[in-house]
Amino acid sequence: MNWTTYHKASSVSEALSLLERSAGRGRVIAGGTDLVIQLHRRALSAEVLVDITGIDDLKRIEVHEGWILIGAAVTHAEVAANSLIRRHARVLSEGCSRVGSLQIRNMATLLGNVINAQPAADGAVPLTALEAEIRVVSKGAERWIPMEEAYLGVGRSAVDATGELAAQIRFRIPDSDGRAGFFRVSRRKALALPVLNGAVLLRPDAALTRIEKARIALGPVAAKPFRARGTEACLESGPLSLDVIHEAARIAAEEAKPRTSLIRGGERYRREMIRLQMTRLLQDLLAFPDAPAGTEAAPPQGGASR
Amino acid sequence: MTHDHTIRMKVNGTLLEARTRPDRTLLDLLRDEFGLTGTKKGCEEGECGACTVIMDGRAVLACLTPALKADGTDITTIEGLEQDGELHPLQKAFLDEGAVQCGYCTPGMILSAKALLDVNPAPTVEQVKEAISGNLCRCTGYTKIVRAIQRAAEEKR
């Protein structure tokens with residue numbers, strides 16, 4: 001026997017009461033696509049599951065005073081298809097549309113994926129670049145956690161799903177004259193974990209001569225979605241040029257720390273892919289013409305062969 | 001101590017009721033309780049799509065769905081496609097196009113296709129491929145499956 005009780009909560013306060021009564025033996029379940037596997041493998045345990053996907057308050061995507069707010073019961077498929085998100089934060093739609101498979105996206109929630117705390121979750125990487133915050137509620141208390149503080153380690157969330165509920169995630173609507181893109185490298189086009197992914201948000205000046213603000217997140221190159229602050233600083237540092245783009249891509253490949261892994265690929269390959277993908281994406285977003293053949297993919301010292 | 005839960009759901013248009021232990025998956029409920037063995041058990045970890053059913057209009061994986069999550073929902077399995085002894089256009093097209101070899105992926109594949117055609121009656125090839133990208137087939141190489149879905153879409157129009 002695995003879990004012994006399954007409750008469908010109809011409100012946030014009911015969910016919290018059920019968790020409190022379960023005294024640590026209960027757990028929030030949203031879509032369940034990660035949790036059911038973990039429970040079956042006994043990597044996690046719970047006697048009581050509190051299903052939050054029927055709570056109307058948690059099903060909304062809304063705009064409020066310059067913020068976009070997404071409820072805990074919203075699925076990846078809903079984020080990917082939502083016209084508000086596609087218009088204002090397309091990187092998030094794109095990321096969400098690449099998670100798992102269509103069937104998984106129909107059940108798996110964006111916020112549940114964040115709580116699952118994997119470093120390359122395709123929704124979490126854009127959320128990191130968007131500098132999102134999570135509203136966590138428990139009996140009598142509420143707090144906001146920035147995305148970067150939501151991860152304690154691989155698979156370990158700052159949110160304790162046995163006693164609290166991540167109810168909502170929010171981020172400021174990016175500037176409408178900003179440019180943003182998402183990239184993903186994987187062994188197949190679907191049902192495949194990312195070998196690499198990244199989200200880039202840029203706010204260039206009107207004349208495209210400099211970057212006023214850059215926010216870049218990469219995965220899986222650290223224990224959690226990685227803010228490439230060195231790369232951001234390089235892009236923000238001065239007048240924009242192809243050289244600056246190449247330098248930024250070089251810094252991204254250096255400051256990210258992909259490890260050689262059986263499922264994610266080799267370190268040297270992935271560093272080279274970071275450099276290549278970032279170069280292409282930045283050139284694309286900033287409308288720089290393709291560099292002459294041979295220079296775009298200039299290998300690093302000691303060269304990776306093609 | 002077994003905590004028996006009563007579960008009610010509409011399956012292929014009929015309201016069904018069962019008593020079940022709480023930690024069952026929808027897949028096991030459909031196959032073992034309701035005898036609907038058309039939905040297949042492949043990987044049991046959400047990686048193959050063989051267990052695809054349609055729940056409240058969306059294609060989902062029965063192996064990862066707790067049975068109690070499906071309480072009160074409207075489920076379509078492969079058994080529900082046939083009407084009055086007549087095969088559904090998708091079923092006919094799969095047979096006519098040779099898109100069935102071992103048949104193991106077929107129920108899940110057809111339901112993913114049905115979920116697509118229910119919202120998009122005239123899909124492009126890319127859209128068909130996207131719709132079945134969560135269903136693995138080891139036999140056919142997918143070409144005839146895609147053709148069968150396109151053919152079914154045409155015949156339905």
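No experiment lies behind these values; they were computed from the predicted model shown. Reckoned from all heavy atoms, side chains included, excluding hydrogens, waters and symmetry mates. In what follows, every chain begins at residue 1, and chains take the letters A, B, ... in the order their sequences are listed.
With a threshold of 4.5 angstrom between heavy atoms, A/Asp51 approaches chain B through side-chain atoms but not through N, CA, C or O. With a 4.5 angstrom heavy-atom cutoff, A/His40 touches chain B only via side-chain atoms. With a 4.5 Å cut-off on non-hydrogen atoms, A/Leu35 does not touch chain B at all. Residue B/Ile132 does not touch chain A at all, counting heavy-atom pairs closer than 4.5 Å.
Among the candidates A/Gly32, A/Ala192, A/Gly31, A/Gly54, the residue making the largest number of heavy-atom pairs closer than 4.5 Å to chain B is A/Gly31. Of the listed residues (B/Arg24, B/Arg58, B/Met55, B/Lys69), the one with the most heavy-atom contacts under 4.5 Å to chain A is B/Lys69.
One distance of note links OG1 of B/Thr73 with CD1 of B/Ile54; it measures 12.5 Å at 0.5 Å rounding. To the nearest 0.5 Å, atom CG of residue A/Leu49 and atom OG1 of residue A/Thr5 are 8.5 Å apart.
The neighbour count for A/Lys59 NZ, taken as heavy atoms of other residues, nucleotides or ligands under 6.0 Å away, is above 12. Residue B/Arg138 places its CZ atom among 12 or fewer non-hydrogen atoms of other residues, nucleotides or ligands, all under 6.0 Å distant.
Considering only residues two or more places apart in sequence or on other chains, A/Ser10 meets the side chain to side chain donor-acceptor pair (under 3.5 Å) condition with A/Glu14.
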